[in-house]
Every structure is written in structure tokens, then in C-alpha cells.
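Read through the structure below, which is laid out as C-alpha cells, and then see the notes.
Worth saying up front: this structure is predicted, and the values here are computed from it rather than measured. Order of the sequence lines sets the chain letters (A, B, ...), proteins ahead of strands, with each chain counted from 1.
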Amino acid sequence: MSDSAIVTPPESLVRRSLKGLRGAPPTAIVGLVIVTAYILVAALAPWIAPYGEYQVVSDMPFAPWSSENLLGTDQLGRDFLTRIIYGARNSIGIALVTTVLAFAIGGFFGIMAAALRGWADQILSRFVDAVMSIPDLILTLMLLAIFGPAVVNLILIIAVLDSTRIFRISRAAAMNVVTLDFVEAASARGEGLTWRIVHEILPNILPILISEFGMRFCFVFLMIAALSFLGVGLQPPMAEWGSMVRDNAALINMGDITPLIPAGAIALLTVGVNFVADWFLGKSSGLADDE
Amino acid sequence: MTGTSILASGSHPILNMTVQRLGLGLLSLAIVSAIIFTAVSFLPGDFATAILGRSATPETVAAFQQKLGLDKPWPQRYVDWLGGALVGDFGDSFSSRLVSTVIGPRLANTLALAATTAVIAVPLAVFLGIVCARYRNKPVDRFLSSATLASISLPEFFIAYVLMLVLATKLHIFPSLSSIRPGMGLGEHLYRMALPIMTLLFVTLAHMMRNTRAALIGVMSRPYIEMARLKGEPEMRIVLRHALPNAIGPIASVIAINLAYLIAGVVVVEVVFVYPGIGQTMVDAVRNRDVPVVQACALIFSAAYIVLNLIADIISIVSNPRLLHPR
Amino acid sequence: MTNELSVVAAGDTVLSISDLRIEARVKDEWLEIVKGVSLTLRRGEVLGLVGESGAGKSTIGLAALGYFRAGCRLAGGSVRFGGTDLLAMPESRRRALRGTKIAYVAQSAAASFNPAKRLMDQIVEAAVTRGGMPRRDAAARAVALFRSLQLPDPERFGDRYPHQVSGGQLQRAMTAMAMICQPDLIVFDEPTTALDVTTQVEVLLSIRKAIQEHGVAVLYISHDLAIVAQMAHRVMVLRYGEAVEEAPIASIIDAPRHPYTKSLWAVRNLQGASHAATGDDLLRVEQISASYGTFKALDGIDLAVGRGQTVALVGESGSGKSTLGRVIAGLLPPDGGTLRFDGAVLPPVVRKRGKDMLRRVQIIYQSADTALNPRHSVRKILGRPLAFFHGLSGAQRERRVLELLRMVELEESYADRLPAQLSGGQRQRVAIARALAAEPELIICDEITSALDQIVQAGILTMLADLQRRLGVSYLFITHDIEVVRAIADRVVVLNKGRIVDQGAKADVLSPPFQDYTRLLLESVPEMTPDWLDRLVERRAA
């Protein structure tokens, strides 16, 4: 380029994000609307649900749709709609906690491996390779068989397993940054490891990690739903979409679509998140292309 | 690494790399089997009580520990277990039946399901991936990309139940449950597998197609593709003759990696359609915490996955011109 | 094939571009990057397109094939080839012309050949699939071209894969690929830029011979006017997508009309004043050897840098010059040998050097794009060494940051900017300021001007000389560019394959009698006269 710089005036975060939204494809807008709606439902569950999470409202199991129970009742006579609303809270909350934990573990070790290299990197990377050569669901099932399906175990097992992917992503991203001259310049200056990680490496890989968050959340969310559906994930009486499908699946054979509603709720959220995440990923890689 | 190359020095680098990769494959099989086996040692202390019930006496607990082999040293137990596993003997399950009799008859069913799906999904995924890369950002590509993005977002059981509701309950085209009995004819077998296979295709095909497309598009951004355009080559020829030969390795490895979705899908689908395979066996064993059965299933699934990835690795090596034609 | 195109007679106009306008997408806007360029090219004529990065030369070169890269689009104008407008015809007809009537030679042959296919298959592809030539005839013609381009073993050269052939040979193979269908027009886009100077001479000679033998019209693109002077009859100088001046080659060099044209050889015009060494040596490198794995990068290096002096370390790529810089900076532990700084032994790795030792030796990198953290403001970039080495904070530090900016001739307001908001030259100035912030005695400059345009290079070199006068700092100046050495060095050290082959005062090394390798290096550097290549050939023949 020429020696006259292109100067973009500093913009506020809000204005920038509004500007970014304007160019968003329709899929991303739809995704954003879906995600926002789910978050609202999850946050406001106790106020918008017609009944209590565990409250048995009918002595008839599998009651049909009616004015009292808009979506009927489940196998124990609890209000189906209420269970779905609370399910949003439980399913999303637990998946979110697990994903955050996975990012903390995977991100920490990934960056350390890239920054330290040598034997520390070798050990961590070979360990991750070994864990990743077992299909996720299979390893999760085995660990659940051993440790039992308590919520804490479920969160820890999935977080640790998913952290191996985040380890790879953050290690690869950090490796690209570590080899850049400004990190070497900091080493040549005599800066310590912590300073180099916090000031030189982290700010440069954060955008990559953030754009991966949506995809990883979907993966964790689907994994928990699948496990609950298989009956080895979140346990009753907690309202959870996966187990609601399982417990009411018999209705499908009678041509009743009620059990598909929680399954659809899972599907809609992951589609929404994926649409947003896909746009995000495309945007961040597209920006990289320009440079 | 240096060890192997010294050993094989003078021979062709392809052979070299292949032997190396096979060695690595065996090593990861060993590590994975060790992980799966060692997991038993992490059983919580109250596990025996949990399995045997509160009334268990110290004697029954000790007998149980012995049955698990926890009284013998670790290396011996591991060698015994692995040696048994190699000849199909996984010892006793907690339900006192031989693990092999629990799994044996169902393994073939699962293999039939997974193999049939893979045979349809892999060529179709590669074909659609090529179509998307050729017509990148054209309507076909945009449609397939959005459709597959939606499809990978859906939980397997959602697809399974929608198919069941529409094709079985409403339209009565296929049976809603896939009960398979020994001695059933091939046609009958396939007919009953139809819904599970369709469900699995939805999920795996989408993953594989997206990754094939990405691998090809990665190659399409290389300067030699622009050179081919500047030589006036038609776009289809560029994709098939210039990009594809360079994308074989990447495509093989993404497809192998995506077989993990097939394995996970198999487990869920078997449960939904009550298909008698080892996926369902494994889930039941997890619920009953029948660890020997779980271990056996985990080893079978992992070994299959590792071997498939190994094959993909070797395909990438063999299709790499730099290795095929050394300086 | 289109008949009207194949009857282009000698001296006829082959290509005529008029008022060509091309836009490129930057973020969400379309900016004009080629602003109404017009040119004509006749059969047998070579037109040079010269300009610095971002001038739009490659974009114009590709437009001559009716081709636009992704993210670029036509905004107006016409490209007439043999009388027909390429831009108005359907893509299928344009495609039929590419490779057969209009051919292209890319900058990086190593990346532009398909690694999965034999060279012969790629070279004859257009001739066989669309030129209607039997494969046997096409292969025979390719072998004849290999021979005329002086490729080794022409009969079997085509059996090889791209990775089995050297960079210089690949570039000639690409020229053969362009000529296989005897096109009317060839676009050469910086064909020798990726090569070392000594390899470049051979490739230039082969290309020129081939052009002369076939009497084809050529558009020759380069950033280096000295190279274009050897190849072209006429030159068009481009800047920011506009033609600055167009003239026959001799008059461009002898009587440039536009000041920008003259700035294209700005570094050549710099006259550096020599400093005699004052007192002791600041840095002594004694018997240093280093390696990457089993590859020996440096072997028994001995050199000294005097206080307030500039020592230039010259060599081609792979000579080990940057490795030596990294060893001195403590980033790569040497296999053996000693470093002495100001009389004391310098520990081999950064960790073992005290903070004050680290402060006294600083390093500046070739690419300021990667040497500055893109997420830090200039204030933070300059502030950190001030805090780290001198414990400055608050108003004191701020005052010093602004002082440093003035030292490198940047405005104080730049402190708030991020590196992406600066130009390449400004970024390199910030990197220099960061090194100066430590108040060092020795600065290792690793190719710090090679990524910059001539006029910007000249500005930075002048500033460095000025800073040296004021601060008494020493430079170890690593470069491959003899013109930069002439402009700035007091002493010169010539490196080849990890060994020192020549060293001494600048006047001794760069004037006769020459050491063999130094002579090869010096005579391979293109000179700003049209007959440099001819004289070189004569000298070598003699």
C-alpha cells in the first residue's frame, strides 16, 4: 500500500454492532431472534409458566391438549407446557455452564501448550489425541457408567471431553500468534510467560475463541439432550427436553405430535445458534481475507 | 520417528510413512484400550454397594472385587483382558452372562446398519460436496449449505421421530420399529432398516458434505487453480482435474473424522427404533452400570473408529505427490 | 477458433486498453484501484508496467486476459484484443482465448504449478485440450521450448513433478507453458521477484531470448525499473492505479518527467557518510556456529561491530544472515562460540541475560505488520519498554512516548492509533521507536526496509543515519539489497551458506579487486541502464 494510512475513526461498540447487524444475512437475523426468545423464556420461567415444575396437575397421565393444560400432561400428569418452559432453563443453563467450563479448561491448556512448547506441549497434545480417538458419545457413556449420572458428573465429563476440541482450537490459534515477531520481540525484551500470554497472545486469539463458542455450545447442548434421551443424562424429576421426548415417545405411535415439541425446541435453538455462529465465523474469516 | 526412518532408510518414503502410520495406529489402539480398561480402577469406593445393594456383606463385596479382578496387579489384568478381547472373550458381565454372548449376535446387526449407511453416505457426500464447490455461492450451493447447516443442528432423535410419525404412523410405508430376527431375508432386513438408515443419512451426510466442500474450497483458493483459470480451462475440469487430486487426502480424513457422528447416531437410532444392535446394548449396560459390557462396546466402537481413521491417513499419504515422487 | 484474431500481422496492434477502471471491495465499500488507464501494445513489442505495491499493475495485467480476481469488478473502459473487446464478449469466448492466444506467467511458479501433476501434462494442457494439437506434437514443441529456455535435460524435464525442480527452472517452465500455443500476447507478472539475484540473471536471459525468438507482444510487470529496463522497449509508470508517465525506456531513465518516476530509484541516490570506528568494539562475535536440527545454518562466524558504526550483513536467502541476528539477540542458542558485548561475555539465551544487558541490545524485524501487536495502541507499544526497562509511569512515560514519536518523525496524535491504522512505513517507524525506547547501544535491523517502497525506504534509512549521529547507537544491518548497503554501511560482511566469504570496510569490499562470490553478487544486481544485461553477458563470455 501507499504510505498514507487509511484511518477509520473510532466507533462505539454499540454503533459498531448495530452496523454489523445491518449487513447480516436473513438466516442470522432469524437465529438472533430465536436465541433471544429462548433466553427470555429461560430467564422468566417461574413467571410465565402456568404451573410449578414438579406440580402434578391432573390425575390422568398423557391428558390431551385442553384449555387448562394447553399441551396436555405428561406420563405423571404434570403440565407439559410448564415442563417445556422449565426445560429451557435447565437444558440451556447446564449446557452453558458446561461449555464455559470446557472453554476454561481447553483454553488454558491450549494456550499453555503453545506458549511452553517442548515436552509440555507433547504430553498434552498426545493425551488429547488419545482421548479424541475415542468417539465422544462412546467415551461419555463409558464414563457415565463408571461415575454415575449425577448432574455434576455429567457437567464435568462433558466439559473435560469437549475441552479437548477447544484445546486443539486454542493451541492452533495460539501457535499462529506465538510465532509472530511481536511475541518474539517480547521474549527478546525479557518479558515473563504470564505477561506474554495475557498481553500478547490472549487478545489476539480471543476473537477466534468467541466465534467458536456458538458451535461448541450446540455440540454440548445436543450431547446432553442425547444422553438424557437415552436415559443416562439429566435424571428425573428435573424437567429436561431430551428426557421429555423419551418419556412421552409412546404417543408418536398414536400419531400425537406432543413429544416432538421438546425435540423441536432443541432443534430450533441449535439451528438458531448455528445460524448466528455461522455468520460470525464467516464474518471473522472474511475480515481475515481482506488483510 | 528417527528410529523408524533409520530402520527403513533406503526404502521408498511412502512405505516408510505407511509403516510409521500403522505403528502409530497400533499405538493409539493400545493407549485407547488401556484408557478404557483403566477406567474401571476409577470406580468410586461405594460402587460395589451401589451395584449389589445396601444389604451387601463385606464377603460379597470382596467376592465382587475379585470378580472384577481388582485383587490382581494392573498390568496382569490389562494383558489378560486385552488377550481375551482379541479372541472375542470379554469375560463375565455383572448379570453373570458372558459378555460375548450379550454382544455377539447384535454386533452383526450394528455393522449391517453402519455399513449400509456409509456405503450410501460417503459417495453421495463427496458428489454433493463437489457440486457445491463447483457452483460455489450459486443457488444450489447456498441451498445445500443452509439445508445441511440446519440438518447438523437437529438432534438425531428429532429426525428419527419425525420420520417415524410421517412415514410409519401416518403413511404406513415403513414399520415404526425395526425388530430384526435371525433368519430374516435380506429384503425384509433392509425394509426394516429403512427408517434408521434414513435418519443416519440425514445427520452424517450433512456433516460429510460440508467438510468435503470446505476441503475442496480450501484447495480451490490455491494459486495453481487461478493459473488453470488463466490457462482458460473450463470450471468443471478445474474442479475435477486440478483441485480434486489435491483434495483426496483432506477429504478422506474429514470423512473418517465424521464417522464419529455415524457411531453416535447409531447408538441413538438403535434406541429409537428398538433395533437390536450393540448401541442399544451399550446404553442398557450404562443404565445398569454393567461395566464389563460397557468396556467391550466402547472398545469395539473405538477400534472401528481408529482403524477407519488409519485407512484415511494412509489414503492421504498415498495420494500425496511429494511422497509418491520424492526428489 | 475466432478467425479475425489469428490474422494479427507484425506491427499490428495486439492489445489496446482504453480508460480501464476497476474497483475492489474493501470492507463494505467499492474503491477504484485502477483509475482510467489506457495503453496499446503492438506485435513484437514489450511494454513494461512499473510501479510499487498497490499501484494496480497486476490487476491491469489480469484484465488483459479479461480476468478479475474475486473481490474486484470492472467499472468501465475496454480491453481490445486484436480488435475485439474482451470485456464485452461472453465468458466462454474469453476462456477460449486464454492459454491459446493470451498467456500469463505468474510471480510464484512454485505455487502456480499443480503439485499433483507432471510438468509436461500441465504445460501441454491448453494446447491439447483446446488448441487441437495432438499430444505428441505438443510434447515435442514443449521439449524444443525447454531447450531454448536452457532447461537441463530437456527430453525428460517434463516427466518431473513441480517439487522436484528448482525455483528458477520452474519459472522458465512456466514461460514454456505460456508459449506452447504460440500466443499473440503474454503477460509476465513479476516473473523473477521471488528469486535470488544470482538465479534471476539466468531466468531474465532465458525469458528475453524466448520473447525475441517468437516475436510475441509482451506486457512485462515489475516493481523494479532496472529489470524492466533490460526487458522492455517502452515503460508505463503507475501509481495508485493511474499512469504517471509513459515513454521509451532510455528517456524514462535519462530524463524522467515526473518526480515520482525518479523516486523509484531513491535508495540508489542516497550517499551515506562513513564513520571510522571509535575506540573499542561494542560487539564481538567469535567462532559462532548454529543449526536448526541437523541443518547447519552458521559455521565459525567472526565479526565485530564498533561503537557508533553500521555493519551490513549481506547475503542471499538461506545464507544464515537472519539466523546470526537471532543468535545475537539471544533467541537462538548457538552450538558453539562466544558473544562479547562491551568486553563482557554475553550469555547465549535471553533468560540468562540481565535486564540491563537486554536493554542494550534491541532487534527490529523485517515486517512491522507482524512485529507490532495488532491489538495494542502505539502508546501501549512504546510505553511497555519504558515501564519495563526504565520504570517510567504516568506523565513521565507519556512525555517520553511523545518524544519517541517525534524522534521517528511521526505526529504525536499517532499515539492513539492501532497498527492497522498506520501505513507500512509508519509501522516500521513505530517499531524503530520501540527499539529506541530501551535506549540501546546496538540495534539489530533484520531486513527492516525490504518490504517497503523505495521512497519510504530512503526516508527511513536517512532517519536511521540521523539518529545514529545524535545517539551514537550502532547498527547491525541485515539485508540482501546491495543498494541499501551502499547507502548506510560503514563495514560490510558477506555471508554465503552459513560462512563469511568476505568482510571489510565498505569501500574495500564493494570496489575491485573483488572476492569471487562478492563479484557474482554485485554483478547480478540489475543496474539502472538498459544495457546492463548485455554487458554482463559479454563480460561473462570474455
Side-chain angles (χ1 to χ4, degrees), chain A residues 25 27 126-127 129-149 153 215 218-219 221-223 225-227 229-232 241-242 245-246 249 251-257 259-260 262-275 277-278 289, chain B residues 28-29 31-32 34-36 39-40 42-44 47 50 145-146 149-150 152-162 164-165 168-170 176-177 257 259-265 267-268 271-272 282-291 293-295 297-298 300-302 304-306 309:
Chain A
T27 46
R126 293 296 81 76
F127 174 75
D129 286 350
V131 171
M132 287 185 74
S133 62
I134 308 177
D136 318 88
L137 183 70
I138 301 301
L139 189 52
T140 314
L141 281 174
M142 192 184 78
L143 293 175
L144 281 173
I146 290 165
F147 294 104
N153 289 350
M215 297 282 177
C218 282
F219 181 84
F221 182 73
L222 284 176
M223 175 73 105
L227 290 169
F229 170 77
L230 295 173
V232 295
W241 293 336
V245 178
R246 166 196 177 75
L251 293 174
I252 301 263
N253 283 325
M254 293 176 245
D256 186 342
I257 64 152
L260 286 181
I266 296 169
L268 191 61
L269 177 60
T270 41
V271 171
V273 174
N274 265 333
F275 278 161
D278 193 54
D289 285 347
Chain B
S28 45
L29 272 175
I31 294 173
V32 164
I35 291 177
I36 290 173
V40 175
F42 292 110
L43 284 180
F47 184 75
S145 294
S146 298
L149 180 60
I152 61 169
S153 312
L154 304 179
E156 291 96 344
F157 54 83
F158 177 71
I159 300 169
Y161 281 124
V162 170
M164 189 194 278
L165 182 72
T169 314
K170 299 281 186 206
S176 62
L177 298 182
I257 287 168
L259 289 171
Y261 292 101
L262 179 60
I263 290 175
V267 173
V268 174
V271 171
V272 172
M282 185 174 184
V283 172
D284 288 339
V286 171
R287 242 182 278 134
N288 303 325
R289 302 182 76 180
D290 191 340
V291 176
V293 176
V294 174
Q295 281 178 318
C297 294
I300 292 170
F301 280 124
S302 308
Y305 186 56
I306 290 171
N309 274 290

Are [X] and [Y] side-chain neighbours, meaning at least one heavy-atom pair lies under 4.5 Å?
| X | Y | value |
| --- | --- | --- |
| B:Leu149 | A:Thr27 | no |
| A:Phe221 | A:Ile266 | yes |
| A:Val245 | B:Phe158 | no |
| A:Leu137 | A:Pro135 | no |

Which atoms of [X] approach chain B - backbone, side chain, both or neither, heavy atom under 4.5 Å:
| X | value |
| --- | --- |
| A:Arg246 | side chain |
| A:Leu222 | side chain |
| A:Met254 | backbone |
| A:Asp278 | side chain |

Residue, of [options], that accumulates the most heavy atom pairs under 4.5 Å with chain B:
| options | answer |
| --- | --- |
| A:Leu227, A:Asp136, A:Leu260 | A:Leu260 |
| A:Val271, A:Asn274, A:Leu230, A:Val232 | A:Leu230 |
| A:Ile252, A:Leu143, A:Leu144 | A:Ile252 |

Grab the two heavy atoms, one from [X] and one from [Y], that are nearest each other, plus how far apart they are.
| X | Y | value |
| --- | --- | --- |
| B:Met282 | A:Ile138 | CE-O, 3.6 Å |
| B:Pro155 | A:Ala263 | CG-O, 4.2 Å |
| A:Asn153 | A:Phe147 | ND2-O, 2.7 Å |

Mark yes or no for whether B:Tyr305, through its side chain, and B:Ile257, through its backbone, hold a donor-acceptor pair below 3.5 Å.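 Indeed, once roles are kept as given, a pair shorter than 3.5 Å links the two residues.
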Which atoms of [X] are under 4.5 Å from chain A, going by heavy atoms: the side chain, the backbone, both sets, or neither?
| X | result |
| --- | --- |
| B:Leu165 | both |
| B:Val268 | both |
| B:Ser302 | both |
| B:Phe157 | side chain |
| B:Ile36 | both |

Euclidean distance, A:Phe219 CZ relative to B:Ile152 CD1, rounded to 0.5 Å: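 Reported value, rounded in 0.5 Å steps: 11.5 Å.
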If you count heavy-atom pairs within less than 4.5 Å of chain A, which of B:Ala264, B:Ala260, B:Cys297 leads?
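Greatest number of close heavy-atom pairs with chain A: B:Ala264.
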